[in-house]
Amino acid sequence: MLPKLIKRVPVHVVVFSDKNNEPGESHMTNSTDHNDETLSQQVQAMESASDGVVYVFADTRRLADCTTRFARMLGYTRKEIPRLGITDIHPPEAHALVFEQLDRMRRGDANFVGNIPVLRKDRSVFYADISASSLVVRSTKYLVSFFRDVSSRLQTEAALRDERARLHAILTTTVDGMITIDELGIIESFNPAAEKLFGYTASEVVGHSVNLLMPEPYHGAHDGYLQNYRSTGTQRIIGIGREVNGRRKDGSIFPMDLGVSEIRIGNARLFSAIVHDISRRKAIEADLVNAKENAEKASLAKSEFLNSMSHELRTPLNAILGFSQLLESDPKPLTGEQREFVQYISKSGHVLLELINEILDLARIEAGRLVLSIEPVLIDEVLETAAGMLGPELKTKPLTLNLNSDGAPGQVVAVDHLRFHQVILNLLTNAAKYNRRGGSITVRCFPPDGGMTRVSVQDTGIGIPYDKQSLMFQAFERLGRENGIIPGSGIGLVITRRLTEMMQGRIGFSSEPNTGSTFWVEFPSAALRAGAERTAAAVRPPAIDVAERNDPIKVLYIEDNPANLRFMERLISKIPNTQMLGAPDPKLGLELAHEHRPDVILLDINLPGMDGYEVLRCLRNDEATCRIPVIAVTANAMPRDIYRGNQAGFKGYVTKPINVPQFIALFNATVQGMEKAVAHPSPPCQ
């Protein structure tokens, strides 16, 4: 079956054209006798023709002669041409058409112009434009044909058709709206996606201003944008993607991403716009914003709950631990049973306080509010301090503690000092808690390896069952010991791991049931800066040195909790030459402060009717009390509470439950500072 490119047009001459040349004029020759010319002269006259020319015997359909260009076009020499028949230079599917046209021209019915496949010597096929007509030379009738190879042109045309089809497919199937406008803003094209997006058909918008698709303020400003761009080249939207609103046919408004590009075709300037509906994205973003706000509200609510819980639990704990400390330090000896009971009270209170602190720590870590200060820290000093705090536990069991047994002293790591101390103390506390009576704890500090320094804590305790070891760092997991006699919350190691990782460290363990466990931590190695050495004494509580002077020290304590008032009264009574006034509400406290002008004021923060900060402001605004040092004594122990208290101007900030030695040290330092202030009077209060 012949290709559809074959055309039948009645003309005077047949011309074969070459695709690589621009189409030229048709070469036409009248069907006339040339008795005085030979065929070779005819061929010679055609040698300069831009097309290949071939002469065919009309009767036999054999090729008679041709120009050199024709022979080369088919891959033959001129000498080979006379041996060929018309079927040798056309593929079989073209034979019927060629014979039909030759017969018609031989009878003088018509000439022929068409596009017909041609067969080369190497059997490859190309398409040629052919123009043919009859010619008589010395009484011999020939059919003369002019050939022009148009294979390249046809391939280009086919490629263009394919490209047009591809572009059309892209335009019609893309999920984004594609709109083309001219430089006056008139819509020239509108793809199916745009139809679906805006609710218009292409026929409804093509030829209309693109303003049709815009709500205010874009509707009124768009023509101005185009005019400004044409005159100044200033780009407001063109070449710049941005979010705008679109207007549908039904009048509804929706958000969309708009990208506009300039296209130049000859002297014409067009603008192509790609429109993407972002309604779903905006809805998701709104949901995320709402979720974030809800999460922040929930986090704030959790923080407020934890703060409240901390306060409410610390307030009664202050009395429990405070009175137990007073009883233990009372010069009047207790009976053995009484001392045992006091120790139970104290130990249980400290377990509860530890649980409160751990929960608050975990909440701060999870909320990302734990601030670290990384600095070089000497491991030996931290180990010595932590071991000192472990002393009572070591004596109770008893246990043997071996420090730096591998002989690698002087190692320094880059950590937060306080949190590194907490990590080491947690590991030592666990090693003691789960150890056997008479067992041992061995702490090893290893030389740096690969930029990390390792500290390990090995115990001779009960070990961890193999089937429970994968649960070791899960919160509130006690590994089956929930009902045992060993107290704990199950979050100490979770906090230890997270603190370690926050300081760019690593933690791990190995354990043999009924043999013992070894926990280790690794931190980045460091070197101490000059003058940055710390000593173990620097991190210990200051020594207790009760202030003494001739005149009694007057203390005012403003506190609404009777038990805490009674505890502080008993504690102050133990400080020589010190007297205390108690005020159960802030109004009375301000009156007593103005009337008695105490040397030191102890002030609770959470008071009825007026909080501690307002009381502090009233004290500062009264000339009679503005210079009196005020120490906050409160159960508000969150970091933001402590920061706020320090910023407010308290001389000290003591959190409940009160650590008696530390409180006395702060009280003593405050009194000493007050005496220095008396020696160097301050200017009047502002």
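Starting from 1, each residue takes its place in the sequence as its number.
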Colleague: Quick check against the 3.5 Å criterion: does N294 have a side-chain atom that pairs as donor or acceptor with the backbone of N290?
Modeller: yes
Colleague: Would Y557 and L581 count as a side-chain contact (heavy atoms from CB on, under 4.5 Å) if you check the C-alpha gap in whole Å, the side-chain angles of each, and the deciding distance to 0.1 Å?
Modeller: CA-CA 6 Å; Y557 185 26; L581 293 173; over 6 Å; no
Colleague: When the ring planes of F519 and F509 are compared, do they come out parallel, tilted or perpendicular, using 30° and 60° as the limits?
Modeller: parallel
Colleague: Identify the heavy atoms of K554 and H596 that sit nearest to each other, and give their distance.
Modeller: NZ-O, 3.0 Å
Colleague: Taking side chain as C-beta onward, heavy atoms only, is L427 less than 4.5 Å from V521?
Modeller: yes
Colleague: Which residue in the set I664, I658, N659 passes side chain to side chain contact (heavy atoms under 4.5 Å, CB included) when paired with P661?
Modeller: N659
Colleague: For a side-chain hydrogen bond (donor to acceptor under 3.5 Å, both in side chains) check, start with the C-alpha distance between T655 and N636, then their side-chain angles and the critical distance, and finish with the verdict.
Modeller: CA-CA 7 Å; T655 58; N636 294 343; over 6 Å; no
Colleague: Looking only at atom types and distance, does a side-chain atom of N426 sit under 3.5 Å from a main-chain N or O of L493, one as donor and one as acceptor?
Modeller: no
Colleague: Between R436 (side chain only) and N514 (backbone N and O only), is there a donor and an acceptor less than 3.5 Å apart?
Modeller: yes
Colleague: Under 3.5 Å, is there a donor on one side chain and an acceptor on the other for Q647 and R644?
Modeller: no
Colleague: Under the side-chain contact (heavy atoms from CB on, under 4.5 Å) criterion, do F420 and T500 qualify, and how do the steps go?
Modeller: CA-CA 8 Å; F420 177 60; T500 299; over 6 Å; no
Colleague: Please tell me if the side chains of L603 and V633 come closer than 4.5 Å, counting only heavy atoms from C-beta onward.
Modeller: no
Colleague: Has the side chain of R454 got a donor or acceptor atom that lies under 3.5 Å from a matching backbone atom of C445?
Modeller: no
Colleague: Taking the side chain as C-beta and beyond, is there a heavy-atom pair between M452 and F446 under 4.5 Å?
Modeller: no
Colleague: Please walk me through it: do E559 and K656 pass salt bridge (Lys or Arg N to Asp or Glu O under 4.0 Å)?
Modeller: CA-CA 12 Å; E559 165 69 74; K656 301 173 184 176; 2.6 Å; yes
Colleague: Any heavy-atom pair between the side chains of L602 and V654 that's under 4.5 Å?
Modeller: no
Colleague: With a 4.5 Å heavy-atom cut-off, do I575 and F667 have their side chains touching?
Modeller: yes
Colleague: Can you confirm whether V412 sits close enough to V377 that some side-chain heavy atom of one is under 4.5 Å from a side-chain heavy atom of the other?
Modeller: no
Colleague: Establish, from distance only, whether the side-chain atoms of T518 and S456 form a donor-acceptor pair under 3.5 Å.
Modeller: no
Colleague: Under the side-chain contact (heavy atoms from CB on, under 4.5 Å) criterion, do D416 and M503 qualify, and how do the steps go?
Modeller: CA-CA 7 Å; D416 179 279; M503 293 184 286; 3.9 Å; yes
Colleague: Determine, step by step, whether L499 and T496 satisfy the side-chain contact (heavy atoms from CB on, under 4.5 Å) criterion, reporting the C-alpha distance in whole Å, the side-chain angles of both residues, the deciding distance to 0.1 Å, and the verdict.
Modeller: CA-CA 5 Å; L499 288 175; T496 300; 6.0 Å; no
Colleague: Rounded to the nearest 0.5 Å, what separation is found between the CD atom of Q579 and the CD atom of E569?
Modeller: 11.5 Å
Colleague: Look up atom CD in Q411 and atom CD1 in I379, then write down how far apart they are to the nearest 0.5 Å.
Modeller: 6.0 Å
Colleague: How many angstroms lie between atom CG of L383 and atom CD1 of I424, to the nearest 0.5 angstrom?
Modeller: 5.5 Å
Colleague: Can you give me the closest heavy-atom contact between L607 and D604, atom names plus distance?
Modeller: CD1-O, 3.4 Å
Colleague: For a quick test of reading the model, state the closest non-hydrogen atom pair linking A632 to I605 and the distance between them.
Modeller: CB-CD1, 4.2 Å
Colleague: Could you tell me whether the side chains of D611 and N606 share a donor-acceptor contact shorter than 3.5 Å?
Modeller: no
Colleague: Of the non-hydrogen atoms in L425 and A386, which two are nearest, and what is the gap between them?
Modeller: CD1-O, 3.8 Å
Colleague: Calculate, to the nearest 0.5 Å, the distance between atoms NE2 and OG1 belonging to H594 and T625 respectively.
Modeller: 8.0 Å
Colleague: Is there a side-chain contact between H417 and E375, using heavy atoms and a 4.5 Å cut-off?
Modeller: yes
Colleague: Would you indicate whether the side-chain heavy atoms of V630 and K651 approach each other to under 4.5 Å?
Modeller: no
Colleague: Rounded at 0.5 Å granularity, tell me how far CD1 in I572 sits from CZ in F567.
Modeller: 9.0 Å
Colleague: Which heavy atom of I558 sits nearest a heavy atom of P586, and at what distance?
Modeller: CG2-CA, 4.0 Å
Colleague: Going by atom types alone, do S517 and S511 pair a side-chain donor with an acceptor below 3.5 Å?
Modeller: yes
Colleague: Please name the pair of heavy atoms, one in P598 and one in L592, separated by the smallest distance, quoted to 0.1 Å.
Modeller: CD-O, 4.4 Å
Colleague: First locate atom CZ of R620, then atom CD1 of I628, and finally report the distance between them rounded to the nearest 0.5 Å.
Modeller: 8.5 Å
Colleague: Is there a donor-acceptor contact under 3.5 Å linking the side chains of T634 and D641?
Modeller: no
